[in-house]
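Just so it is clear: chains get the letters A, B, ... in the order the sequence lines come, proteins before strands, and each one is counted from 1.
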Amino acid sequence: MKYWLMKSEPDTFSITDLAQRPGQIEPWDGVRNYQARNMMRDDMQVGDLVFFYHSNCAEPGIVGIMAVAKAGYPDGSAFDPDDKHFDPKSNLEQPRWFRVDVQYVRTLSRTITLHELKLKPELADLALVRRGNRLSIMPVSAAQWQFILALE
DNA sequence: GCCAACGTTGGC
DNA sequence: GCCAACGTTGGC
């Protein structure tokens, strides 16, 4: 089993939104970055655990845990001309973008803030805290996962 | 709202 | 293949 971290702007989609979805499952679509695409398409498996990270908000940080409920499959939002994330270069025969389904696991008792994570030498290699990082999906090692959870 | 850091696009 | 222009991300 692997561990991941996925960012979302809470104004667009928050951990609370996920918890209120039917079955508490949500397709994680609209990702238009090749590195993130490759991870969803090739590496994320059912049962993998994922930190839910709130970005671009008053208190950026990890707010909850979710699980991969469905491995990578073509992101249909790329085929829909009315969708914000429509991409005319993606098609059914050769889909360019992929998504996974995620399922709510739990909300943390508090937000583990980006500020706090940056202060920990143990997390120096975590992509999230590295300068200039903009990846919206990133791997988390088992050691990093356990360390972060122990901060809760 | 600002802006640094990236990623992508497209002319050449 | 280079690189300037442009668009986006996301902390602050």
Side-chain angles (χ1 to χ4, degrees), chain A residues 2-21 26-44 48-68 71-141 143-145 147-152:
Chain A
K2 295 197 178 81
Y3 301 97
W4 307 91
L5 179 146
M6 295 168 107
K7 296 178 185 175
S8 180
E9 300 187 14
D11 288 349
T12 304
F13 187 76
S14 72
I15 186 79
T16 307
D17 295 326
L18 176 62
Q20 292 169 356
R21 283 292 189 270
E26 176 76 4
W28 202 269
D29 54 21
V31 175
R32 298 292 179 265
N33 170 280
Y34 288 105
Q35 270 184 274
R37 186 278 309 269
N38 292 347
M39 286 186 265
M40 289 198 290
R41 187 189 60 188
D42 304 331
D43 302 324
M44 299 181 79
D48 285 1
L49 292 176
V50 185
F51 281 134
F52 194 125
Y53 177 89
H54 280 176
S55 67
N56 207 6
C57 57
E59 192 178 48
I62 296 168
V63 295
I65 296 173
M66 45 194 180
V68 177
Y73 63 104
D75 181 352
S77 70
F79 307 142
D80 178 2
D82 295 327
D83 193 282
K84 182 187 173 192
H85 300 288
F86 173 63
D87 182 353
K89 293 175 183 169
S90 188
N91 56 68
L92 281 169
E93 291 70 33
Q94 282 199 308
R96 173 174 295 205
W97 303 113
F98 284 71
R99 62 186 171 197
V100 298
D101 288 355
V102 293
Q103 181 163 31
Y104 178 80
V105 174
R106 72 181 179 92
T107 302
L108 298 189
S109 58
R110 68 180 186 88
T111 299
I112 301 175
T113 64
L114 175 63
H115 174 72
E116 182 178 356
L117 296 172
K118 280 181 171 175
L119 294 176
K120 306 294 184 186
E122 292 88 344
L123 301 176
D125 291 332
L126 183 65
L128 184 73
V129 303
R130 301 196 71 100
R131 184 167 162 272
N133 169 67
R134 285 170 38 188
L135 258 188
S136 63
I137 300 176
M138 68 190 71
V140 176
S141 74
Q144 290 166 340
W145 180 274
F147 180 84
I148 292 168
L149 267 190
L151 298 174
E152 184 181 2

Chemist: List in chain and number order the residues that pass salt bridge (charged side-chain N to carboxylate O under 4.0 Å, His left out) with A:Arg96, two or more places apart in sequence or in another chain; answer none if no residue qualifies.
Modeler: none
Chemist: According to side chain to side chain contact (heavy atoms under 4.5 Å, CB included), who are the partners of A:Lys118, at least two apart in sequence or on a separate chain?
Modeler: A:Leu114, A:Val129
Chemist: I'd like to check the salt bridge (charged side-chain N to carboxylate O under 4.0 Å, His left out) partners of A:Arg37; sequence neighbours left out, ordered by chain and number.
Modeler: none
Chemist: Could you list the donor-acceptor pairs under 3.5 angstrom formed between side-chain atoms of residues 98-105 of chain A and any protein atom two or more places apart in sequence or on another chain?
Modeler:
from: A:Arg99; atom 1: NE; to: A:Tyr73; atom 2: OH; distance (Å): 3.3
from: A:Arg99; atom 1: NH1; to: A:Asp29; atom 2: OD2; distance (Å): 3.3
from: A:Asp101; atom 1: OD1; to: A:Tyr73; atom 2: OH; distance (Å): 2.5
from: A:Gln103; atom 1: NE2; to: A:Gly23; atom 2: O; distance (Å): 3.0
from: A:Tyr104; atom 1: OH; to: A:Thr107; atom 2: N; distance (Å): 3.0
from: A:Tyr104; atom 1: OH; to: A:Thr107; atom 2: OG1; distance (Å): 2.6

Chemist: Scan the side chains in residues 49-61 of chain A for donor-acceptor partners under 3.5 Å anywhere in the protein, sequence neighbours excluded, and list what turns up.
Modeler:
from: A:His54; atom 1: NE2; to: A:Ile15; atom 2: N; distance (Å): 3.2
from: A:Asn56; atom 1: ND2; to: A:Glu9; atom 2: OE2; distance (Å): 3.3

Chemist: Just to verify, what does A:Asp125 make a salt bridge (charged side-chain N to carboxylate O under 4.0 Å, His left out) with, not counting sequence neighbours?
Modeler: A:Arg130
Chemist: Please tell me which of A:Arg96 and A:Arg130 maps to the more 5' nucleotide of DNA chain B, matching each residue to the nucleotide holding its nearest heavy atom.
Modeler: A:Arg130
Chemist: What string of B, S and - do you get for nucleotides 6-12 of chain C, 5' to 3', when a contact is any protein heavy atom under 4.0 Å?
Modeler: -BBBBBS
Chemist: Go through the structure and list residues passing side-chain hydrogen bond (donor to acceptor under 3.5 Å, both in side chains) with A:Arg134, not counting sequence neighbours.
Modeler: none
Chemist: Under a plain distance cut-off of 3.5 Å, with no hydrogens placed, do A:Ser90 and A:Arg32 share a side-chain donor-acceptor pair?
Modeler: no
Chemist: Tell me the bend of the helix from B:dG1-C:dC12 to B:dC12-C:dG1 as the angle between end helix axes, each from five pairs, rounded to the nearest 10 degrees.
Modeler: 10°
